[in-house]
**Q** 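Please find one structure pasted underneath; my questions will follow.
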Amino acid sequence: MNAATLDVTLPDGSVRTLPAGSTGLDLAQSIGSRLAKAAIAAMVNGQEVDISVPLSNGAQVAIITADSDAGRHVLRHSTAHVLAQAVLQHFPGAKFTIGPAIEDGFYYDFELPDNKTFSDNDLEAITERMRAIVKADQPFVRAEMSAAEALELFADQPYKCEIIERVTTGAADGSDASEVSGDGSVSVYRNTESFVDLCRGPHVPSTARLGHFALMKVAGAYWRGNEKGPMLQRIYGTAWESKSALDEHITRLAEAEKRDHRRLATEMDLLSFPSELGGGLAVWHPKGAIVRKIMEDYSRYRHQHGGYQFVFSPHIANAQLFETSGHLHFYKDGMYPPMEMDNGTYYPKPMNCPMHCLIFRDRQRSYRELPLRLFELGTVYRYERAGTLHGLLRIRGFTQDDSHIFCTEDQMADEITSLLDFVLSVLRQFGFNDFEFKLSTRDLEKSVGSDEIWDKATTALREALNRHGVEYSVKEGDAAFYGPKIDIDVRDAIGRKWQLSTIQCDFNLPERFGLEYIGSDNSRHRPIMLHRALFGSVERFFGVLLEHYGGAFPAWLSPVQVRVLAVTSQHEEYAQSLVKRLRAEGFRVDTAEADEQLGKRIRSAKLERVPFVLVVGDDDVKNNTVGVNPRGGEVIRDVQVDAFIAQLHEETRTETAIGNL
RNA sequence: GCCGGGUUAGCUCAGGGGCAGAGCAACCGCCUUGUAAGCGGUAGGUCGUGGGUUCAAUUCCCACACCCGGCUCCA
């Protein structure tokens, strides 16, 4: 190279020589005009920068295009700036705060003058202003400056000043990441004479590169997520690289909406939340209850075969118990209020663990009994704050598939390993195959137990994950005060993540309850307690399943597995005999009388997502056959009844084993 | 708990200071049907609850309950 040129290395390892002073855009141009058109930013030596930044000699450079994750991130962040400019136009005197890109979109938080809030009409007007800004082809012009200069620039924007001050005092953290980089420098991006925003960048070169966006919803949000801080007004939006990508996203949202478990629960007559019952409390209708029962039966079956012992415990307990467990100290806000009785104060239980500790403690325990695995489908009540309730996913009365395992320190690692096996095998049965693991470690601010035990437990959890050879993320300081844990997220059929199972170590309750066992050394030792929920809550898991399958439960779970339809009333008798026969085989079968046309009855069955519709007419009566119309499959005529029954047994085979309990 | 929005027939939703509306579902009748909506009729409502304003409130105002979208929370 010489002074007039520079060399850069591309992601494929090739080196390109460009005139000195060339920018990312020049590079893209030199590679191809299509790339140049798609380029919106550059990755230079691992740092995202504007496409207009001159490249340095020897740099590693990748062009960021709009249709990549990084590219969409940039254009979403840029769209957030456009939103801010539009809002400041629409509400003169508004204060703007932060506006990051998020999954599928962006948001921006504002404090509006006179405590105003956004209305739907405002969203339309703001969208119009945004379109005008996009059309105006405003450049994003970066400038770097000292904190003092920035403070002057944003003198009438207190939230921006607060962020700048946090940079200068080194207090900036992840929540500031979209606005400023962590290195103490301050940069701004100016679109027009009057609109400039604090930002680390990078941004698209001009607002004309944006435009495939939609403002989605308004919401309140606390400044810095602090409940005691001011309530800001947030606008959420989504933005994409093309019209078609935006449309696809909107379609995906509509699809997700159709799977909403609350909608399906009503449509399918599974359960309801009568308001007279109170918030967050559900009643299960027969069709929902049968699915739930099958889930629970399966869970019991697996636990029975997994070395667990079943226990039961009451729904309320004397306050003394929760004094001992510490719940009244640590968890009182989450508990239903007490009932004053003539012999003391009673609380509905928010957890089952104290009860299980009492069972352990009831008599002297030997190391030979460990690990002792207690299991209960235990119904608990938690006073969730009103605004947090959400269908079955956040509810006030629910049933945990709760087990508590008492073991020695030395057994911990093996026990956790086999627990992971157990959990994953059950989740797979329910149709989940995509898992993510999170290890939460000690929060030094609030935790009980010695360094030694925390290390040992955390190592045991880590080891179990390693033995499974699975990837996991570590959430530092995210553990409960009583011990580290593994949380398992599953991905559902349309890619959404749900946190279900959890495996938690507990050093606190054994201490509080004074749990002990006699070791092989004939002296007393304190057991480790493991909390393990697999479904998490039966209700929540049911809700997730419902969304996962979009209501089309696999045959073994379906409330109605087979519907028999007579073509005309002359075939009713045959239909009834089939119903009887299939019921005798253990299947859930019903029929719809021929007082509506066949097409209509089939349609109803399909809408109810019945896995198999059997249509029977003259030919079938004569030949002892059925016409099989499977959900999502092709109709097959003239199937021998015995053959269909065999097929149905096969279809539900692994699961019917639980019928033998 | 906080910020918005909402609650009208079983469901989905329209309406709006003066007799309460549609589609689907339900019920009744006709049709006797071979693989996703046959035809006709009937019934269905304290417009979430309580208070207020008004000659008059389902409609406007206030409170409460419940729901929805977020925030916070989920030991």
Side-chain angles (χ1 to χ4, degrees), chain A residues 107 109 111-112 115-120 122-123 216-236 257 260 262-263 266-269 272-281 325-327 329-335 350-351 353 382-391 393-395 443 446-447 478-483 485 487 499 502 504 506 508 531 536-537 540 565-572 593-608 613-620 626-631 634-638:
Chain A
Y107 67 81
D109 286 348
E111 183 185 284
L112 298 183
N115 285 324
K116 275 193 254 202
T117 56
F118 292 115
S119 70
D120 287 349
D122 292 328
L123 280 194
M216 306 301 284
K217 52 201 172 196
V218 299
Y222 298 108
W223 170 236
R224 297 203 164 283
N226 176 5
E227 208 177 344
K228 307 225 159 45
M231 172 67 66
L232 304 173
Q233 299 301 314
R234 173 174 298 181
I235 292 178
Y236 282 95
E257 166 99 34
D260 189 301
R262 293 162 301 189
R263 167 195 288 258
T266 304
E267 269 177 27
M268 298 173 69
D269 193 17
S272 58
F273 292 90
S275 62
E276 294 94 318
L277 252 186
L281 299 168
S325 69
H327 285 93
H329 183 63
F330 291 105
Y331 196 62
K332 190 159 193 206
D333 289 348
M335 292 168 69
M351 296 186 198
C353 26
R382 298 185 185 178
Y383 196 77
E384 302 286 356
R385 292 163 77 177
T388 64
L389 299 174
H390 182 89
L393 304 181
R394 194 76 180 272
I395 197 173
D443 178 356
K446 50 160 198 170
S447 59
D478 217 38
F481 71 91
Y482 51 71
K485 63 173 176 175
D487 289 322
Q499 199 210 301
T502 180
Q504 310 192 353
D506 190 338
N508 180 51
H531 303 250
S537 104
R540 187 183 149 79
L565 300 179
V567 173
T568 75
S569 46
Q570 288 149 33
H571 315 113
E572 290 285 5
E593 284 178 39
D595 52 6
E596 291 284 1
Q597 283 194 331
L598 182 62
K600 184 159 183 176
R601 285 177 287 147
I602 289 172
R603 178 179 152 82
S604 297
K606 295 290 179 186
L607 291 176
E608 286 174 51
V613 177
L614 300 187
V615 174
V616 292
D618 287 337
D619 300 346
D620 301 294
V626 292
V628 181
N629 186 337
R631 186 178 64 200
E634 296 293 310
V635 173
I636 309 170
R637 290 282 300 270
D638 306 319

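Values in this document were obtained by computation on a predicted structure and should not be read as measured data. Because only heavy atoms are used, hydrogens play no part in the values below, and waters and symmetry mates are left out as well, while side chains stay in. Proteins get letters first, then strands, A, B, ... in listed order; numbering begins at 1 in each.
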**Q** Regarding A:Glu276, tell me which of base, sugar-phosphate or nothing describes its non-hydrogen contacts under 4.0 Å with the strands shown.
**A** nothing

**Q** So what does A:Gly627 hit on the nucleic acid, given a heavy-atom distance under 4.0 Å: a base, only sugar-phosphate, or nothing?
**A** base

**Q** Classify the nucleic acid contact of A:Gln570 as base, sugar-phosphate or nothing, counting any heavy atom under 4.0 Å across all strands shown.
**A** sugar-phosphate

**Q** Treating A:Arg382 as the side-chain partner and A:Pro350 as the backbone partner, does any N or O pair qualify as donor plus acceptor under 3.5 Å?
**A** yes

**Q** Protein within reach of the bases, or only the backbone? For nucleotides 64-72 of chain B, mark each nucleotide 5' to 3' as B, S or -, using heavy atoms under 4.0 Å.
**A** --SSSBBBB

**Q** Scan A:Asp333 against the nucleic acid and name what it touches under 4.0 Å (heavy atoms): base, sugar-phosphate only, or nothing.
**A** nothing

**Q** If we only count heavy atoms from C-beta on, is the A:Asp619 to A:Arg637 side-chain gap below 4.5 Å?
**A** yes

**Q** If I pick the P atom on B:rC60 and the same atom on B:rC47, what distance separates them, to the nearest angstrom?
**A** 14 Å

**Q** Reckon A:Asp120 touches a base, only the sugar-phosphate, or nothing at all at heavy-atom distances under 4.0 Å?
**A** nothing

**Q** Counting the atoms with a prime plus P, OP1 and OP2 as sugar-phosphate, which does A:Ser569 contact under 4.0 Å by heavy atoms, base, sugar-phosphate, or nothing?
**A** base

**Q** Would you classify A:Lys606 as touching base, sugar-phosphate or nothing, given that sugar-phosphate means primed atoms plus P, OP1 and OP2, and contacts are heavy atoms under 4.0 Å?
**A** base

**Q** If the cut-off is 4.0 Å, is A:Gln597 near the phosphate of B:rG38, judged by side-chain N/O to OP1 or OP2?
**A** yes

**Q** Give RNA chain B the dot-bracket treatment, 5' to 3': Watson-Crick (N1-N3 with N6-O4 or O6-N4) or G-U (N1-O2, O6-N3) under 3.5 Å, [ ] crossing, | other strand.
**A** (((((((..((((....[..)))).(((((.......))))).....(((((..]....))))))))))))....

**Q** Below 4.5 Å, heavy atoms only, C-beta onward: do A:Leu614 and A:Val628 meet side chain to side chain?
**A** yes

**Q** Measuring only the P atom in each nucleotide, how far is B:rC74 from B:rG5? A whole number of Å is fine.
**A** 28 Å

**Q** For A:Tyr236, which residues count as a ring-ring contact (aromatic ring centres under 6.0 Å, His included) partner, sequence neighbours excluded?
**A** A:Tyr107

